[in-house]
Amino acid sequence: CFFFSSRRRHTRCREVSWARRCVQETDLKEKNWEKAQEDLLESFKSYQQLANPKAKLMLKLLLVTSMVGSSEINPMTLSEAKVYQDDPDIGPIASLRKAYEENKIPQLKSIMASKGRKLAEDKELKDYSAEFFKAIKQKILLEKIMSYTNVSLSYLAQDLGVSDAEVKALLVELILDEKVEGKIDESKGFLELKPSERNVLEMKRYISLEKMANNLNSMFTSIIDSVCSQYSLSLIHIS
């Protein structure tokens, strides 16, 4: 009785996994990233329950779509995903996801420099690699431009390691998606940004630190003047 119950459960899992995979393939083609993540998650759990090797592919695609779709949930926090933490196929993407989530831009650049080509050549990711790499580049760009109100496209392109045309295309999409408030001055080759809340806060912080430094400098000067004055008086008294 237990055997037949277990068999029916496994058959059901296979049916759910197959159905979910068909749906998620459609969602991925249509770039419906949020829906694709839901289906990939269920497919991954079902395949993992069956100890099916396809579970790893589902997790790999889930990690990619979580970045492309700007999801706040890291799939590697799932208990079912822990066993893949040190997997050579999953590790680099998991590291990218962690750096992406924590806004660690130097780490993102480092992983892209060392593992980017391998990921680009991954046959299982070939249909989604363009969107995947674009999401990473835009993430780096967003963090880079936050401290500016005016920045050269050539400078951003050089920092990102892409052409001026590509960095312009990435920025145009960010502006159209309302992730960046600004405009591109094509005649000058500059991105002009409206002061964001972060820019304002950083400027206030800078002004506050500058004021504190000036106060400390004045206090230090007063102390030195006081010490020198007392020393001079002592010399006069001795003489």
Where do [X] and [Y] come nearest, in terms of heavy atoms and distance?
| X | Y | value |
| --- | --- | --- |
| Q107 | S95 | NE2-O, 4.4 Å |
| A55 | Y84 | CB-OH, 3.6 Å |
| A135 | V68 | CB-CA, 3.8 Å |
| M76 | L63 | CG-CD2, 3.7 Å |
| L193 | Y148 | CD1-O, 3.3 Å |
| K179 | L142 | O-CD2, 3.8 Å |

Inter-residue atom distance [X].[atom1] - [Y].[atom2], 0.5 Å rounding:
| X | Y | atom1 | atom2 | answer |
| --- | --- | --- | --- | --- |
| L174 | L141 | CG | CG | 6.5 Å |
| E38 | S71 | CD | OG | 10.0 Å |
| E121 | K126 | CD | NZ | 14.0 Å |
| L96 | K115 | CG | NZ | 10.5 Å |
| L125 | K118 | CG | NZ | 11.5 Å |
| L61 | I93 | CG | CD1 | 8.5 Å |

Kindly say whether [Y] contributes a backbone atom to a donor-acceptor pair with the side chain of [X] at under 3.5 angstrom?
| X | Y | result |
| --- | --- | --- |
| S110 | P106 | no |
| N52 | K54 | yes |
| Y100 | M67 | yes |
| Q138 | L170 | yes |
| S43 | L40 | no |

Side-chain heavy-atom pair [X], [Y] within 4.5 angstrom cut-off:
| X | Y | answer |
| --- | --- | --- |
| L78 | L41 | yes |
| D122 | K60 | yes |
| L156 | L171 | yes |
| K137 | V167 | no |
| K183 | I175 | no |
| Q48 | V83 | yes |
| L119 | F133 | yes |
| T149 | E192 | no |

What do you reckon, is [atom1] of [X] surrounded by more than 12 foreign heavy atoms closer than 6.0 Å?
| X | atom1 | answer |
| --- | --- | --- |
| E166 | CD | yes |
| D86 | CG | no |
| E102 | CD | yes |
| K109 | NZ | yes |

Salt-bridge contact E101-K98 (side-chain N to carboxylate O under 4.0 Å):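 A salt bridge is absent here (no side-chain N lies under 4.0 Å from a carboxylate O).
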Ignoring hydrogens and geometry beyond distance, is a side-chain donor-acceptor pair present between K144 and Y155 at under 3.5 Å?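 A pair is found: one side chain offers a donor N or O, the other an acceptor, under 3.5 Å apart.
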Run N103 and K139 through side-chain contact (heavy atoms from CB on, under 4.5 Å) and show every step you take. CA-CA 8 Å; N103 290 327; K139 179 72 169 180; 2.7 Å; yes
Same cluster or not: F190 versus I184, using hydrophobic residues (I, L, V, M, F, W, Y) connected whenever any side-chain heavy atoms lie under 4.5 Å apart?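 F190 and I184: separate clusters.
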Consider only side-chain heavy atoms of I, L, V, M, F, W and Y, link residues closer than 4.5 Å, and tell whether I136 and V172 are in one cluster.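 Linked, I136 and V172 end up in one cluster.
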